[in-house]
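Please read the structure below before turning to the comments.
Values reported hereafter were calculated over all heavy atoms of this structure, with side chains retained and with hydrogens, waters and symmetry mates removed.
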Amino acid sequence: MQVFYSSTRGGEKGVPSSRAILNGLAGDGGLYVPDSFPALEVSFDDLARMDYRDLAYEVMKLFLTDFTEEELRSCINHAYDSKFDVPEIAPLRKADGAYFLELFHGKTIAFKDMALSILPYLMTTAARKNKISNRICILTATSGDTGKAAMAGFADVPGTEIIVFFPKDGVSPVQKRQMVTQKGKNTHVVAITGNFDDAQTGVKKMFGDRQLAEDASAKEIQFSSANSINVGRLVPQAAYYVYAYAQLIRSGAIKAGDSINITVPTGNFGNILAAYYAKQIGLPVKKLICASNQNNVLTDFFHTGIYDRNRPFILTTSPSMDILVSSNLERLIYQSCGRDAEKTAAFMKQLRETGRYEITDKMKAELGDFVAEFSSEDEVAAAIRKVYEDEHYVIDPHTAVAASVYFRYREESGDETPTVIASTASPYKFARAVLHAIDAGKFDSMTDEEQFDALHEVSGVKIPNAIEEIRTAPVRHKTVSSVEDMQKTVREMLGI
């Protein structure tokens, strides 16, 4: 069954997956969505016997139907190899009555590796399929993890350039150091004097700028995205939720067909949308629990039907979730209004012009799969401390947002459905916040270097290579730009 993609705003229809991946964002500013959701073609018991690569193929082939089996398997096999430090790729760890899906065993120790390890292969394969000879320039905004993971994936890939924008004062010290030390002749990193929403808005504006596209084309360059707005990011993420379910069957925790809940720490809404897409193809999900930090715009949206970004932007210990404009929510809005592109475009226009929109009661009723809550900074620290004291298991602040929300949901609802929590980053990426939560007075005066060693002693977990590498790596990227000068910076870097 062939699956084509359309823009959420109606400007493009019938786009094959390879072209959607290459474009990143639709020409009308909308996001590509599949026209249908085919069902999984193999039983859950059979999936439970597969390794990550074979299972990922069974999921991804449903969405990427213009890739041949040979092409798709090649992309998968190149992505999910020894660059991950465990053979399971994404293992499950049971702790405090939940199942933590560890998505941080790749090169940059964050969940973005799961999709960004394969995106360069999907993109270069798509370029060949579409007879594209231009250089592909990846323009990406990051709230901390996407940038490094994207650069690690695209570094020195022939025919590509990558430019990453990050908020100068809005990422953790480790996240910043990972980016500014990135190797690769085709990698470029820009710190902006604004927040993530400013960076994301600036990138979207560049995608919509026809003059920039024409000037780039004259230099044989075309733009694409590595953000979760790209379906080449979203589809691989759906695979790991199916894999988590398969692992639960394999371990005897559930039987095939049993329902599970999935809890996801949520900022840009891509990771939880991937879980929603997994449900659409047949994964038995009872509730999708959307966990926010104190930037709780999504919690308010699911409670009231009103999306309102007009509120203070709060810097938290979970910086990858410090977001007030959740781009991927547009895909859910499109789905909930009966795939009405005109309505979706009108909501996005309201958001752009007024910073808010309100969905209808009928649309709100379509969101019954979701539960949404948020955690304060104190609750996040308490969750880190609780899981450590109960299980001697260390989680990072983003994962702790999800754990805190889930523990509260379980207690208040009495819902004992087996629950997978997306564990999105290694605690080493946020060592200072993690150690402060475990014992506020003991570790705070340590340097970052000392904290890595202290976390090793506390957790018993080996210091990841990603951390060892940045201890001595030289800073290679020093560009700083205002939000207004983002396009000027891109033009200078690409010579257009």
Side-chain angles (χ1 to χ4, degrees), residues 90 92-93 95-96 98-104 108-115 142-146 149 170-172 175 196 227-228 233-234 237 240-241 244 261-276 278 285 287-302 314-329 332 370-384 386-387 393-410 419-430 433-434 437:
L92 272 184
R93 167 72 182 264
D96 267 340
Y99 297 89
F100 290 81
L101 178 62
E102 295 185 346
L103 299 170
F104 51 76
T108 75
I109 57 176
F111 83 99
K112 307 295 173 76
D113 291 321
M114 296 298 297
T142 184
S143 55
D145 289 332
T146 288
V171 299
S172 80
Q175 287 175 316
F196 170 74
N227 280 85
S228 55
R233 277 276 308 274
L234 200 56
Q237 289 178 282
Y240 53 65
Y241 291 112
N261 294 330
I262 298 174
T263 305
V264 186
T266 308
N268 214 20
F269 208 74
N271 203 6
I272 196 165
L273 185 77
Y276 173 79
V285 179
K287 288 295 179 186
L288 293 158
I289 302 170
C290 176
S292 298
N293 64 19
Q294 284 183 235
N295 293 290
N296 60 340
V297 63
L298 286 166
T299 307
D300 289 348
F301 167 73
F302 280 105
I314 302 167
L315 294 175
T316 72
T317 55
S318 48
S320 297
M321 298 162 63
D322 291 345
I323 294 170
L324 295 179
V325 181
S326 303
S327 286
N328 271 288
L329 187 64
L332 185 65
F370 291 86
V371 173
E373 287 298 339
F374 77 98
S375 284
S376 68
E377 287 289 88
D378 286 345
E379 288 169 327
V380 170
I384 293 172
K386 171 181 166 52
V387 176
Y393 182 54
V394 181
I395 57 176
D396 92 291
H398 302 75
T399 307
V401 169
S404 172
V405 164
Y406 170 64
F407 294 151
R408 195 184 330 137
Y409 166 78
R410 183 174 62 189
T419 296
V420 170
I421 294 176
S423 185
T424 53
S426 165
Y428 279 99
K429 207 152 192 177
F430 306 93
V434 169

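Residues that satisfy the ring-ring contact (aromatic ring centres under 6.0 Å, His included) test with F100, not counting sequence neighbours, are Y393. Here T299 pairs with nothing under the side-chain hydrogen bond (donor to acceptor under 3.5 Å, both in side chains) rule; sequence neighbours left out. Partners of F104 according to the side-chain contact (heavy atoms from CB on, under 4.5 Å) rule, which considers only residues two or more places apart in sequence or in another chain, are E102, S423, S426. The ring-ring contact (aromatic ring centres under 6.0 Å, His included) check on F430 picks up H398, with sequence neighbours excluded. For the side-chain hydrogen bond (donor to acceptor under 3.5 Å, both in side chains) test, no residue two or more places apart in sequence or in another chain qualifies with T424. Residues meeting the salt bridge (charged side-chain N to carboxylate O under 4.0 Å, His left out) test with E379, sequence neighbours left out: R408. In terms of the ring-ring contact (aromatic ring centres under 6.0 Å, His included) criterion, residue partners of Y276 (sequence neighbours excluded) are, by chain and number, F370. The side-chain contact (heavy atoms from CB on, under 4.5 Å) test applied to T317 returns E377, V380, P397, A433, not counting sequence neighbours. Residues forming a side-chain contact (heavy atoms from CB on, under 4.5 Å) with A382 (at least two apart in sequence, or on another chain): R385. Under the rule for a side-chain contact (heavy atoms from CB on, under 4.5 Å), the partners of V325 that lie at least two apart in sequence or sit in another chain are D197, Q200, R309, L351.
The salt bridge (charged side-chain N to carboxylate O under 4.0 Å, His left out) analysis of residues 420-429, with sequence neighbours excluded, yields the pairs D145-K429. Counting only residues at least two apart or in different chains, salt bridge (charged side-chain N to carboxylate O under 4.0 Å, His left out) contacts with residues 291-302 comprise D300-R311.
The closest side-chain donor-acceptor pair between D96 and Y406, if any, does not fall under 3.5 angstrom.
T146 OG1 to F196 CZ: the interatomic distance, rounded to the nearest 0.5 Å, is 7.0 Å.
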